[in-house]
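Quick caveat, the model's predicted, so the values are computed rather than measured. The figures here come from the full heavy-atom set of this structure, side chains too, leaving out hydrogens, waters and symmetry mates. Letters go in sequence order (proteins before strands), and every chain restarts at 1.
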2 protein chains.
Amino acid sequence: MMILGLVSWMQPVHGYDVRRELLSWNADKWANVQPGSIYHALRKLTEEGLLREVTTEQVGSRPARTTYEITPKGQDELDNLLRGYWWEMKPVTDPFFAALSFLPALPREEAVAALRNRAAQLRAANDGVEVAAEKGWLREKPSHVRWMWELMVARNEGEIAWCERVAGLVESGVSYLPDRMRTADPGWERWREQVD
Amino acid sequence: MMILGLVSWMQPVHGYDVRRELLSWNADKWANVQPGSIYHALRKLTEEGLLREVTTEQVGSRPARTTYEITPKGQDELDNLLRGYWWEMKPVTDPFFAALSFLPALPREEAVAALRNRAAQLRAANDGVEVAAEKGWLREKPSHVRWMWELMVARNEGEIAWCERVAGLVESGVSYLPDRMRTADPGWERWREQVD
DNA sequence: AGCGTAATAGACAAGTTTGACTAACCTACT
DNA sequence: AGTAGGTTAGTCAAACTTGTCTATTACGCT
């Protein structure tokens, strides 16, 4: 759990601090932690004994803010979690896979255009990172943050090549059916017609 | 929504059929659709007028099964959704990113080992796909399914190179601090000590 | 024929996530 | 001096997800 790590690093912190840090990392995008879930998570972690409330102060008559810190048990748990994420591979969940599995529902020309567009977007993203690393905000960030972005770049490069290759295949009119069944009834093409 | 697409393709279907198809695609891994959510999704889509109940038959005294098909409105919506996924890029959510942002919490030797291990696992996965494509189950599947797996392979190749490069950097003892602050107090290393 | 296992179909409570909302305070500008 | 707009801090109901449970039938095996 991301939030546990943040508390360990920033402690003592209150929810709003965590929220700001997460947003500044754009973590709402690549982790699944929306600001709304933070407070629930903090309370749940406290309940489990991984965090501990330190103080609850109130300035003027604003909402009270509760400050948390990590417990030894919480450190242990965090250690285990991190180790898990470092050593085990969780298959990535990507909505584009869902789209891809319905490729036959799209007119071929559109699929080709979309794939080329995707390649272009990926290239633009990669260029953006490169610029940021050389003269932008990335220079101010620790090395491992730069490495994170470079990991995206590395994956994207693979994907760009793939997009172009597959765009070519789709364009060439190659059948979607498995090799064995090339002669069989192309039911999918009919499905496409209905969709349109 | 994945499920809408499946219904459109397999209609008329009942929940259990959808579930089997999803499991056979391993979609519980890369989409976020666990078997438990299917029935709720079907009911919700029906309520929104994107699906329509066809029949509710009962064989013997088993649980009744309700069959669904897609409505014209549902087809429109599906079209829009698919188009969205094809043309817009949603940043991928990957728990490894979370792990990576806490790199300084790990002893350097362990990070290096974990990175090399990750590269090895990725290589193994890629080899597995290659074998499946040449003589395994992948040959029976439609081309775009093979392309899906090849997309994973392409991304993985980028990631393998990255793992090895970063492993080298971490091993070399390069500082995690940003260039500008190399002389400043290495607070993170201290944080690591506490973790340990 | 009898018995254990697997498949069929879905319900459901408990837990999580989310976006929208509140409400006070600051601050910069007219 | 007033006020529009942002920041601070967190609450909350509604929606969604999940794993687990139930109960029946089909199938294979001795």
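Across D:dA9, D:dG19, C:dG10, the shortest atom-to-atom separation from the side chain of B:Thr66 is found for C:dG10. Listed candidates were D:dG19, C:dG19, D:dT17. Nearest to the side chain of B:Ser37 is D:dT17. The A:Tyr39 side chain lies nearest to D:dG10 when the options are C:dA9, C:dT8, D:dG10. For B:His40, counting side-chain heavy atoms from C-beta on, the closest listed nucleotide (C:dG19, D:dG10, D:dC16) is D:dC16. When the nucleotides D:dT8, D:dT18, C:dT8 are ranked by their closest atom to the side chain of B:Tyr16, C:dT8 comes out on top. When each of D:dG10, D:dC16, D:dT18 is scored by its nearest atom to the side-chain atoms of B:Lys44, the top-ranked nucleotide is D:dC16.
The phosphate of D:dT8 (OP1 or OP2) has no side-chain N or O of A:Arg65 nearer than 4.0 angstrom. Residue B:Gln34 places no side-chain N or O under 4.0 Å from the OP1 or OP2 atom of D:dT17.
Atom P of nucleotide D:dT8 and atom CD1 of A:Ile38 are separated by 14 Å, given to the nearest angstrom. The interatomic distance linking B:Met2 (CE) with D:dT17 (P) rounds to 14 Å, in whole Å. Counting to the nearest Å, the P atom of D:dG10 and the NE2 atom of A:His14 are 7 Å from each other. Atom CZ in A:Arg43 sits roughly 14 Å away from atom C1' in C:dG15 (whole-Å rounding). Remark: P of D:dA9 and CD of A:Glu57 are 9 Å apart, rounded to the nearest angstrom. Atom CG in A:Asn32 sits roughly 12 Å away from atom P in D:dT17 (whole-Å rounding). Remark: P of C:dA9 and CD of B:Glu21 are 14 Å apart, rounded to the nearest angstrom. Atom CD in A:Glu47 sits about 11 Å away from atom C1' in C:dG15, given to the nearest Å.
Among the atoms of the strands shown, none is found under 4.0 Å from any heavy atom of B:Ala41. Among the heavy atoms of the strands lying under 4.0 Å from A:Arg19 is at least one base atom, whether or not backbone atoms are also near.
Side-chain N or O atoms of B:Gln11 include one that pairs as donor or acceptor with a backbone N or O of B:Ile70 at under 3.5 Å.
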Next on the checklist: Quick one, B:Phe96 with A:Trp86, criterion ring-ring contact (aromatic ring centres under 6.0 Å, His included). Give me CA distance, side-chain angles, the key distance, then yes/no.
Outcome noted: CA-CA 7 Å; B:Phe96 181 59; A:Trp86 273 93; 5.3 Å; yes
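By the 6.0 Å and 45° rule, A:Arg43 does not stack over the aromatic ring of A:Tyr68. In this structure, A:Arg108 satisfies the cation-pi test against A:Tyr176, with its NZ or CZ atom closer than 6.0 Å to the six-membered ring centre and inside 45 degrees of the ring normal.
DNA chain C is contacted by both A:Pro35 and A:Pro63; A:Pro35 maps to the nucleotide lying nearer its 5′ end (nearest heavy atom per residue).
Within a 6.0 Å radius of CE in B:Met1, other residues, nucleotides and ligands contribute 12 heavy atoms or fewer.
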